[in-house]
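Residue numbers start from 1 in every chain, and the chains themselves are labelled A, B, ... in the order their sequence lines are given, proteins ahead of strands.
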Amino acid sequence: MPELPEVETVRRGLAPVMEGARILRVELRRADLRFPFPDSFVNRLTGWRIAAADRRAKYLLFHLTSGETLIIHLGMTGRFIVEAEELDGKPGAFDHLLTNIPAHDHVVFHIDGPDGVAKVTYNDVRRFGFMDLIETDKLADSTHFAEMGPEPLTNSFSGASLSDALHGRNAPVKQALLDQRVIAGLGNIYVCEALHRAGISPKRKAKSVVGKRAERLAPAIRDILTEAIRAGGSTLKDYAGADGALGYFQHDFKVYDRAGQECGACSQPIKRIVQSGRSTFYCSSCQR
DNA sequence: CGATTAACCTGGAAGC
DNA sequence: TGCTTCCAGGTTAATC
């Protein structure tokens, strides 16, 4: 469940369960997801405590007392399911959330946390997600983050910094905003929504988004993401599980997945086009 | 260098 | 009902 608001929602769901917890045991059910698991993955986790549940862009970061950080990217379909462990045969606190756990449970973390012994399962149908272990001190220089752009919800992100990042780019602004080196954490949904809110055509050359347009776009991005986080992210498919990601921002979409429907602002039909192989939804009347 | 395309993988929905 | 095709919230490797 991928973009920044969904990852932040997952982080907020897992933090109370994971922070301060000790990793008792890890079940690794395959050698790779999108990439192979790092060497000695299970050994480097087992026995350590999770000091904090953090996030950078679409990556979850679990800082361990070992000095390493467990990095988890959810890809397109990664999710977590939390269950209380049934040590003594008594029903667990989360058992009411247990429906049928499907076949794609790849990693199970058994932890001893603030709420007792729990089982945190990583499930990922398409296996586009991945996990890594990096020394916490070297995170910023790691391949995952070295070239990554600014977090849109921090003070370093502004209209000026955005137009700087888009400078000289001939690609459509839609495509540039999906480039994590330009800005971190956006995906297809929130790029479409932010461009609509800012009144900017997704087809406009990225380098032309300067001045007033950039000053509109930066707050549009920030506001959309903030509102989406407040709504618990967007849920496109229903998931049964304690993944903390049953959001409802999808009800607030103005353009995404609304091709043919009326634009709420001008009543013209929303268009769907394909840009670099991905759907773009926009209003050709409101967005120039 | 930037831009475009294919590829990774599974499953649900739509079309015939 | 069954088969085929298309599509999906992401990234990356290989081209041009």
Side-chain angles (χ1 to χ4, degrees), chain A residues 1-11 29-36 55-60 71-80 100 102-106 122-132 142-149 165-195 202-208 221 224-225 228-229 231-240 243-253 255-260 272-281:
Chain A
M1 275 190 259
E3 301 183 44
L4 188 154
E6 289 73 40
V7 178
E8 176 62 18
T9 299
V10 171
R11 188 198 68 78
R29 296 186 175 158
R30 51 180 303 129
D32 59 68
L33 294 171
R34 178 128 171 57
F35 306 113
R55 179 191 58 76
R56 168 84 166 105
K58 302 172 191 174
Y59 293 73
L60 290 166
I71 298 176
I72 300 180
H73 194 291
L74 302 176
M76 292 275 263
T77 53
R79 65 192 181 113
F80 284 97
N100 50 335
H104 303 286
D105 293 351
H106 304 306
Y122 178 76
N123 176 286
D124 189 348
V125 170
R126 292 174 71 182
R127 301 202 301 273
F128 286 172
F130 59 88
M131 301 190 189
D132 202 358
S142 72
T143 54
H144 305 294
F145 304 121
E147 294 185 58
M148 186 168 277
L166 297 173
H167 180 75
R169 288 185 174 250
N170 280 305
V173 63
K174 158 78 185 316
Q175 184 183 322
L177 293 175
L178 288 173
D179 186 335
Q180 302 296 297
R181 294 169 299 184
V182 169
I183 176 172
L186 294 185
N188 210 29
I189 289 177
Y190 297 106
V191 166
C192 290
E193 293 297 321
L195 285 171
K203 296 192 282 192
R204 171 176 285 280
K205 282 182 189 288
K207 66 184 180 186
S208 76
I221 290 169
I224 289 276
L225 294 177
I229 291 170
S234 305
T235 308
L236 298 194
K237 292 178 179 182
D238 284 329
Y239 292 107
D243 57 11
L246 298 173
Y248 50 88
F249 192 72
Q250 65 276 13
H251 303 303
D252 291 336
F253 289 168
V255 289
Y256 185 82
D257 204 21
R258 295 200 53 191
R272 174 186 180 274
I273 59 173
V274 175
Q275 292 180 290
S276 47
R278 311 197 60 192
S279 292
T280 298
F281 301 91

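- The interatomic distance linking A:Y190 (OH) with C:dG10 (P) rounds to 10 Å, in whole Å.
- For the atom pair CZ (A:R127) and NE2 (A:H104), the distance works out to 8.0 Å, reported to the nearest 0.5 Å.
- Counting to the nearest Å, the P atom of B:dC8 and the CG atom of A:D124 are 17 Å from each other.
- For A:Q175, a side-chain nitrogen or oxygen approaches OP1 or OP2 of B:dT4 to under 4.0 Å.
- For A:R169, a side-chain nitrogen or oxygen approaches OP1 or OP2 of B:dA3 to under 4.0 Å.
- If you check every strand for non-hydrogen atoms under 4.0 Å, A:F253 touches nothing.
- Remark: A:H104 is not in phosphate contact with B:dC9, judged by side-chain N or O atoms under 4.0 Å from OP1 or OP2.
- In this structure, A:D179 atom CG and B:dA3 atom P are separated by 9 Å, rounded to whole Å.
- At the phosphate of C:dT11, OP1 or OP2 sits under 4.0 Å from a side-chain N or O atom of A:H73.
- The gap from the P atom of C:dC7 to that of B:dT5 amounts to 15 Å, rounded to the nearest Å.
- A:S279 and A:R272 share a side-chain donor-acceptor pair at under 3.5 Å.
- A:M76 has its CE atom 13 Å from the C1' atom of B:dG12, to the nearest Å.
- Remark: the separation of the P atoms in C:dA14 and B:dC9 is 15 Å, to the nearest Å.
- In this entry the distance linking CZ of A:F35 with C1' of B:dC8 reads 9 Å, nearest Å.
- Looking at A:E3, its side chain does come within 3.5 Å of a backbone N or O of A:G187 through a donor-acceptor pair.
- Residue-level contact check: A:G187 touches the backbone only, with heavy atoms under 4.0 Å from sugar-phosphate atoms and none from bases.
- Taking the six-membered ring for Trp, A:F253 and A:F281 have ring centres at least 6.0 Å apart.
- By the 5.5 angstrom centroid cut-off and the 30-degree plane limit, A:F128 is classified as not stacked against the base of C:dT11.
- Contact check, A:N188 against C:dG9: a side-chain N or O comes under 4.0 Å of OP1 or OP2.
- Contact annotation: A:S279 reaches the phosphate of C:dA8 (side-chain N/O to OP1 or OP2, under 4.0 Å).
- The side chain of A:V125 lies closest to B:dT10 when the candidates are C:dT11, B:dT10, C:dG9.
- Rounding to the nearest 0.5 Å places CG of A:N188 at 4.0 Å from NZ of A:K174.
- Along DNA chain B, the nucleotide closest to A:G277 and the one closest to A:R181 are compared, and the more 5′ of them pairs with A:R181.
- The CZ atom of A:R127 sits 7 Å away from the P atom of B:dC9 (whole-angstrom rounding).
- Computed from coordinates, the A:K207 NZ to B:dA3 P distance equals 9 Å when rounded to whole Å.
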Practice problem: Could you walk me through whether A:F249 and A:Y190 pass the side chain to side chain contact (heavy atoms under 4.5 Å, CB included) test, one step at a time? | Solution: CA-CA 11 Å; A:F249 192 72; A:Y190 297 106; 3.7 Å; yes
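- Atom CG in A:L166 sits 6.0 Å away from atom CG in A:L177 (nearest 0.5 Å).
- Within the 4.0 Å cut-off from OP1 or OP2 of C:dG9, not a single side-chain nitrogen or oxygen of A:K58 is found.
- Contacts of A:Q180 with the nucleic acid, taken as non-hydrogen atoms under 4.0 Å apart, involve only primed sugar atoms and P, OP1 or OP2.
- Distance check: A:L74 CG to A:N123 CG gives 11.0 Å after rounding to the nearest 0.5 Å.
- Rounded to whole Å, the distance from CZ on A:F130 to P on C:dG10 is 13 Å.
- Among the candidates A:F130, A:Y122, A:F128, the single residue satisfying the ring-ring contact (aromatic ring centres under 6.0 Å, His included) test with A:H73 is A:F130.
- At the phosphate of C:dC7, neither OP1 nor OP2 sits under 4.0 Å from any side-chain N or O atom of A:R278.
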Exercise. Any chance you could encode DNA chain B as dot-bracket? Rule is Watson-Crick or G-U wobble with both distances under 3.5 Å; [ ] for pairs crossing earlier ones, | for another strand.
Key: .|||||||.|||||||
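- Taking only distance into account, the side chain of A:R126 meets the base of C:dA8 through a donor-acceptor pair shorter than 3.5 Å.
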